[in-house]
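Following: one structure in structure tokens, then a few remarks.
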There are 2 protein chains.
Amino acid sequence: MKPQIDLELLLSYGANCKKYAKGEILFYEGDEALYYYQIVEGSVKMYNSNDEGKEYTQGYFSEGQSFGEPPMFIDECYPASAMAFQDTEILKLHKDRFWKILDENPKIERHFLKLMARRIHNKATTSKDIINQKPEFRIQAFLDSCKKSREKELIEFTRQEIANFTGLRVETVIRTLLKMKQKKIVDIVNHKIFY
Amino acid sequence: MKPQIDLELLLSYGANCKKYAKGEILFYEGDEALYYYQIVEGSVKMYNSNDEGKEYTQGYFSEGQSFGEPPMFIDECYPASAMAFQDTEILKLHKDRFWKILDENPKIERHFLKLMARRIHNKATTSKDIINQKPEFRIQAFLDSCKKSREKELIEFTRQEIANFTGLRVETVIRTLLKMKQKKIVDIVNHKIFY
DNA sequence: CGGTTCCTTGAGGATGATCAACGAGGGTGG
DNA sequence: CCACCCTCGTTGATCATCCTCAAGGAACCG
């Protein structure tokens, strides 16, 4: 995927490249947002964990994407934590230098304005779907958001991950997927989900 | 409240002032987003209504605030409908002219970048709360978002409106408020809610 | 005073959460 | 190659909660 900002440019403004092993935490909910993060390789999960165990996944970010900018833009703390979802390589730039990039590159600033707009648009669509209650509907909305192409494709998430994203429980996800299989909405072959 | 963009400036770029009676629709979910809207006086509700009756309120906007920009920024359709929540006066500017304002006023563009960031930050916080399930928690999160000051104040929303915002049913809101009254979280005097 | 809108209460039912096991596959080290 | 462990998937039974439906009451406004 085309990166938000050209890697050379980021490096020329002083960005550092860092590697994180799968499962490593990049920052915690409540931390001050001091850096711009852009993924060179791998993927990252943003999530909240509530008082005990239950986790809510806000979103996944992959190669070329940036994340965690909103609180950095407005000097707030992170509303969620970030964890490497795979082994991941990330460019990290201090926010003062990031603002310098925007000051000196109006096109990039415009790009981020549109990016933020797109994120809001997605969130609005998502919350509409989540409120809808019905597990089947929520799961299908998640599956839609996974899909890139038009053909049936393998869904690369565990049932637990789907549960965390949709706010349901694993057992409910499993039982609902069963129903969706019977309705021919998904295929399940060898425990693998195709949609 | 301080307006997003100075009214004189908007008018000088060709904005039109329009009045809407309470309950009037400004645009529907699915409409193309062709205009920038800024409230001069009154307030506006953004909402989704699903196949039959049930409504989900995405948010309220009041004097000085703009709304519906995200889809305009990215040439998408509105993910929700907008209705005048009170009698309302609005400045409306075609998106081509709006882009012209941003092109010619870097400070305003920066302002909108931060505004979009703030909206995302709020949405992230809200969805974290909504997923939490517990009606009491959801309602309290809504009440928190209403409050401006530190003292107990009258909540100017009907129980139905709270229900639509939190994704609960009226009866559940009523019964939960009852419990919250017993726990001294809210006061209810003469059917009016104080928090 | 009549109508509308909003609030309230009760009973009953559906549904997703919870709890408790167990199964299946994959990887690792002996 | 086998035994073990760990993660992920699966199933059934039970429970709590919120929704649904139905009815009526209270407040407000012309």
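Proteins get letters first, then strands, A, B, ... in listed order; numbering begins at 1 in each. The model shown is predicted, which means the values in this text are computed figures rather than measured ones. In what follows, every heavy atom counts, from backbone to side chain, and hydrogens, waters and symmetry copies are set aside.
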*Pair Tyr195(B), Asp187(B): side-chain N/O donor-acceptor within cut-off below 3.5 Å*: no

*Any pair with a residue in residues 3-24 of chain B that passes salt bridge (charged side-chain N to carboxylate O under 4.0 Å, His left out), sequence neighbours left out, goes on the list, sorted by first then second residue, please.*
Lys19(B)-Glu89(B)

*Calculate the interatomic distance between Phe157(A) atom CZ and dC8(D) atom C1'; express it in whole Å.*
16 Å

*Check the distance between dT17(D)'s P and Arg169(B)'s CZ and give it to me in whole angstrom.*
19 Å

*Please state whether the phosphate of dA17(C), meaning OP1 or OP2, lies under 4.0 angstrom from any side-chain nitrogen or oxygen of Thr172(A).*
yes

*asked:* Distance check needed: dT7(D) C1' versus Lys22(A) NZ, whole Å only.
replied: 10 Å

*Can you tell me the distance, in whole Å, between the NZ atom of Lys54(A) and the P atom of dA17(C)?*
6 Å

*Phe142(B)/Phe157(B) aromatic ring centres below 6.0 Å*: yes

*asked:* Quick check on DNA chain C: between Asn190(A) and Lys134(B), whose nearest nucleotide comes earlier from the 5' end?
replied: Lys134(B)

*asked:* In whole Å, I'd like the distance from the CG atom of Asn164(B) to the P atom of dC7(C).
replied: 12 Å

*Can you tell me the distance, in whole Å, between the CD1 atom of Ile193(A) and the C1' atom of dC8(D)?*
11 Å

Look for any protein N or O under 3.5 Å of an N or O in nucleotides 10-14 of chain D and output each such pair with its distance, or none.
unit_1, atom_1, unit_2, atom_2, d
dT10(D), OP2, Arg159(A), NH1, 2.5
dG12(D), N7, Arg175(A), NH1, 2.9
dG12(D), O6, Arg175(A), NH2, 3.3
dA13(D), N6, Arg175(A), NH2, 3.4

*Taking only Lys NZ, Arg NE, NH1 and NH2, and the carboxylate oxygens of Asp or Glu, determine whether Glu161(B) and Lys45(B) approach each other closer than 4.0 Å.*
no

*asked:* Please determine whether the number of non-hydrogen atoms from other residues, nucleotides or ligands lying under 6.0 Å from atom CZ of Phe194(B) exceeds 12.
replied: yes

*asked:* In whole Å, I'd like the distance from the CG atom of Asn50(A) to the P atom of dA17(C).
replied: 13 Å

*asked:* Tell me if the aromatic rings of Trp99(B) and Phe73(B) count as close, with their centers under 6.0 Å from one another.
replied: yes

*asked:* If I take atom CD1 in residue Ile139(A) and atom C1' in nucleotide dT15(C), what distance separates them, rounded to the nearest angstrom?
replied: 14 Å

